[in-house]
Amino acid sequence: GVRMTALRMAARLRRRRARLRFLVLDHLHLLRFPRSAKMREDEVIAEAVRELKALSIELDLHVMVLAQYKREATDDMRKRGRKPVISDIKGASAIEQIADKIVMLHVPFKLVENKAEASGNDPERRLRMERTASAIVGKHRDGAEGEIEMQFLGERFSFFEGAADE
């Protein structure tokens, strides 16, 4: 993981030298910083999000932080075909309270019907991603919430504007 102090120093340096305007952190749960042994996971996440927001304000730059969904939520989304909600994100309550925007990517999975396409007996291997995807804006402090349809190319993990052609 990356230490918060190292990230802060690197961002300040790059902001001065290269006019850094946008910082992407992949991912929130790998960020490390000194903490009390008594801190719960949600407190650690809240502290990390607060630090990142303070860095964003201090350096006047946009910060995008990737976070993962809870394992149970991911399993449920696959089984029931549902879309994610903010509470599916690991540390959601702290993130929702502090973040200005929360956007969740959703790529539906579909069970492969053709046995020739399925590799092995593992049901997870019989799932394949659809060519459609959506960005779900679950929180937007200064704007509208909603869903944006996109095309998804799984081989390249690329997203494209507009709904996929049928």
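Numbering of residues begins at 1 and proceeds along the displayed sequence. As the structure is a computational prediction, the values presented were derived from the model and not from experiment.
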Check: Glu43 side chain, Arg40 main-chain N or O, donor-acceptor pair, under 3.5 Å: yes
Heavy-atom donor-acceptor pair, Lys139 side chain to Glu96 backbone, under 3.5 Å: yes
CG on Leu61 to CZ on Arg14, rounded to 0.5 Å: 12.5 Å
Expected output: side-chain Thr132 to main-chain Gln151 donor-acceptor under 3.5 Å: no
Flag, side chain of Arg32 to backbone of Val2, donor-acceptor distance under 3.5 Å: no
Reported CE-to-CG distance for the pair Met64 and Leu23, which is rounded to 0.5 angstrom: 9.5 Å
Arg141 atom CZ: more than 12 heavy-atom contacts under 6.0 Å: yes
Which atom of Ala94 lies closest to which atom of Asp42, heavy atoms considered: CB-O, 3.9 Å
Min side-chain heavy-atom separation Ile95-Ile102 under 4.5 Å: yes
Set of residues satisfying salt bridge (Lys or Arg N to Asp or Glu O under 4.0 Å) with respect to Lys83, sequence neighbours excluded: Glu147
Flag if over 12 foreign heavy atoms under 6.0 Å of CZ, Arg12: yes
Non-hydrogen side-chain atoms of Met77 and Pro84 separated by less than 4.5 Å: yes
pair Leu52-Leu7: side-chain heavy atoms closer than 4.5 Å: yes
Distance in Å, Glu149 CD paired with Ile136 CD1, rounded so as to fall on 0.5 Å steps: 10.5 Å
Donor-acceptor contact present, side-chain Ser87 to main-chain Val85, <3.5 Å: no
Listed partners of Arg21 passing salt bridge (Lys or Arg N to Asp or Glu O under 4.0 Å), at least two apart: Asp60
Geometric class of the Phe152/Phe157 ring pair [parallel <30°, tilted 30-60°, perpendicular >60°]: perpendicular
Distance (rounded to the nearest 0.5 Å) between Met9 CE and Leu13 CG: 8.5 Å
Check: Ile98 main-chain N/O paired with Lys53 side-chain donor or acceptor under 3.5 Å: yes
Salt bridge present between Arg82 and Asp88 (N-O < 4.0 angstrom): yes
Beyond-backbone contact of Lys90 with Arg71, side-chain heavy atoms, under 4.5 angstrom: no
Considering all heavy atoms, the nearest Val137-Ala144 contact: CG1-O, 3.7 Å
Heavy-atom donor-acceptor pair, His29 side chain to Leu66 backbone, under 3.5 Å: no
Ring pair (Phe, Tyr, Trp, His ring centres under 6.0 Å) partners for His62, two or more places apart: none
Check: Phe159 and Leu153 side chains under 4.5 Å, non-hydrogen atoms: no
Arg16 CZ to Leu59 CG distance, which is reported to the nearest 0.5 Å: 9.0 Å
Approximate separation, where rounding is to 0.5 Å, of Glu47 CD and Leu31 CG: 10.0 Å
Carboxylate-amine/guanidinium contact Asp142 Lys101, below 4.0 Å: no
